[in-house]
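Predicted, not measured: the structure shown is a model, and the values here were computed from it. In what follows, chains carry the letters A, B, and so on, assigned in the order in which the sequence lines appear, proteins first and then strands, with residues in each chain numbered from 1.
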Number of protein chains: 2
Amino acid sequence: MAATPKAVSRLIDAFCRLPGIGPKTASRLVYHLLRSGREDALALSQALAALHAETMFCEVCCNISDQSPCAICADPGRDQSTICVVEAPLDVLAIEDTGRYKGVYHVLHGHISPMERIGPDELRVKELLRRLGEGKVREVILATNPTLEGDATAIYLAQVLQPFGVEVTRLALGLPRGGDLEYADRMTLSEALAGRKRL
Amino acid sequence: MAATPKAVSRLIDAFCRLPGIGPKTASRLVYHLLRSGREDALALSQALAALHAETMFCEVCCNISDQSPCAICADPGRDQSTICVVEAPLDVLAIEDTGRYKGVYHVLHGHISPMERIGPDELRVKELLRRLGEGKVREVILATNPTLEGDATAIYLAQVLQPFGVEVTRLALGLPRGGDLEYADRMTLSEALAGRKRL
């Protein structure tokens, strides 16, 4: 369109490539940046340029970090005999947020999904098995998502972990705290029933 | 948090400064960019750096453009005697999108709002009056938003435009096409009634 400067439409296109940002949101962001002044746009630009340059994968847990081994793997206060296996770096943050876990992590960077042609070789499974080969691990907590793909990944990992003779656990399924029984979906309620505990 | 690399949290902060993007959305965007590879992040970074460098305000209509006068103001096919006054550059795009307007624009870059301490001096009103001083304008369409602030801005402009003896009009208010009478708000329905037309 004649009314849109090239620099504007190029930035709109770049924003549109991000998940959950459509053309309307993208143009609102761009015109906000035009209004709010040069500094905000440049700060975002520089932070983006630094993102890959200043981060790396931790050679132990495969999480994204600014050092390798990462701060958690290098922390002598963490229990190196318990590994919590998650799909993504954001899952590590969620578990750290609870303040209830003192072990270490392993980030798979995805889940097994035949539909998306993602098998174990596309995930950081080799790296996990190498860590177990060192013989110091006692328990592996499979904290993949409670989804079809997360379950498939957990079942696969449980199989390949069997020869190592470590304890393999999975996060509990049930009603979310603060939820309403009336609005719980059938699957969640079934899991909560099946996993009921004696008081 | 120990688990978040500095480059990641800096980019999360920069995204959070954008409207409608909270910490959760920001971290999802950042980890998406980490996963999707270096090129997407660099393309976005470069487009942001170019945004202010490659755009300017049109000296005639005050719209954002990559040349001055902008493509619309410089177009001999546009009717220079009709000026449509809007609050923001996105409003120009919306009106252009209709394909029904052949005049030129004037972008105020805001609306009068005593609450936000925005008066006429903070808007591009002087520039509008200068254009009218040239004596070639026949009609000014006040296309500020149908809000309290947009109305206040239109009423103010109608006053200061009076001495120029040009026709001053305002966009029609009424039911939006495709809407449902049952769900129309009271204000809109009142305007639609008051503005009813003989068939």
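- Scanning all heavy atoms of the two residues, the minimum distance from B:Ala49 to A:Leu42 falls at CA-CD2, 4.0 Å.
- Residue B:Ile12: no heavy atom, backbone or side chain, is found under 4.5 Å from chain A.
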Criterion side-chain contact (heavy atoms from CB on, under 4.5 Å) on A:Val8 and B:Thr55, from CA distance to verdict: CA-CA 8 Å; A:Val8 170; B:Thr55 54; 4.1 Å; yes
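- Options A:Leu34, A:Leu29, A:Leu18 differ in how many heavy-atom pairs under 4.5 Å they form with chain B, and the most are formed by A:Leu34.
- Under a hydrophobic-cluster definition in which Ile, Leu, Val, Met, Phe, Trp and Tyr are linked whenever side-chain heavy atoms come within less than 4.5 Å, directly or via other members, A:Val60 and A:Val107 are assigned to different clusters.
- The backbone N or O of A:Lys6 sits less than 3.5 Å from a side-chain atom of B:Asp66, completing a donor-acceptor pair.
- When each of A:Ala88, A:Ala41, A:Ala43, A:Ser36 is scored by its heavy-atom pairs under 4.5 Å with chain B, the top score falls to A:Ala41.
- Within the 4.5 angstrom heavy-atom criterion, atoms from both the backbone and the side chain of A:Leu51 approach chain B.
- If you measure heavy-atom distances from B:Leu33 to chain A, the contacts under 4.5 Å come from both the backbone and the side chain.
- For the set A:Ser45, A:Gly37, A:Pro89, A:Ser27, the entry with the most heavy-atom pairs within less than 4.5 Å of chain B is A:Ser45.
- Within 6.0 Å of CG in B:Leu189 there are more than 12 heavy atoms belonging to other residues, nucleotides or ligands.
- Both the backbone and the side chain of A:Arg28 have a heavy atom closer than 4.5 Å to some heavy atom of chain B.
- Heavy-atom distances place no part of A:Tyr105 under 4.5 Å from chain B, backbone and side chain included.
- When A:Arg35, A:Gln67, A:His52 are compared by the number of non-hydrogen pairs under 4.5 Å with chain B, A:His52 comes out ahead.
- To the nearest 0.5 Å, the span separating CD1 on A:Ile21 from NE2 on B:His32 amounts to 9.5 Å.
- To the nearest 0.5 Å, atoms CZ (B:Arg38) and CG (A:Leu48) are separated by 12.5 Å.
- Atom-to-atom distance recorded for A:Leu44:CG and B:Arg10:CZ is 12.0 Å, nearest 0.5 angstrom.
- Smallest separation of non-hydrogen atoms from A:Pro5 and B:Ser65: CG-CA, 3.5 Å.
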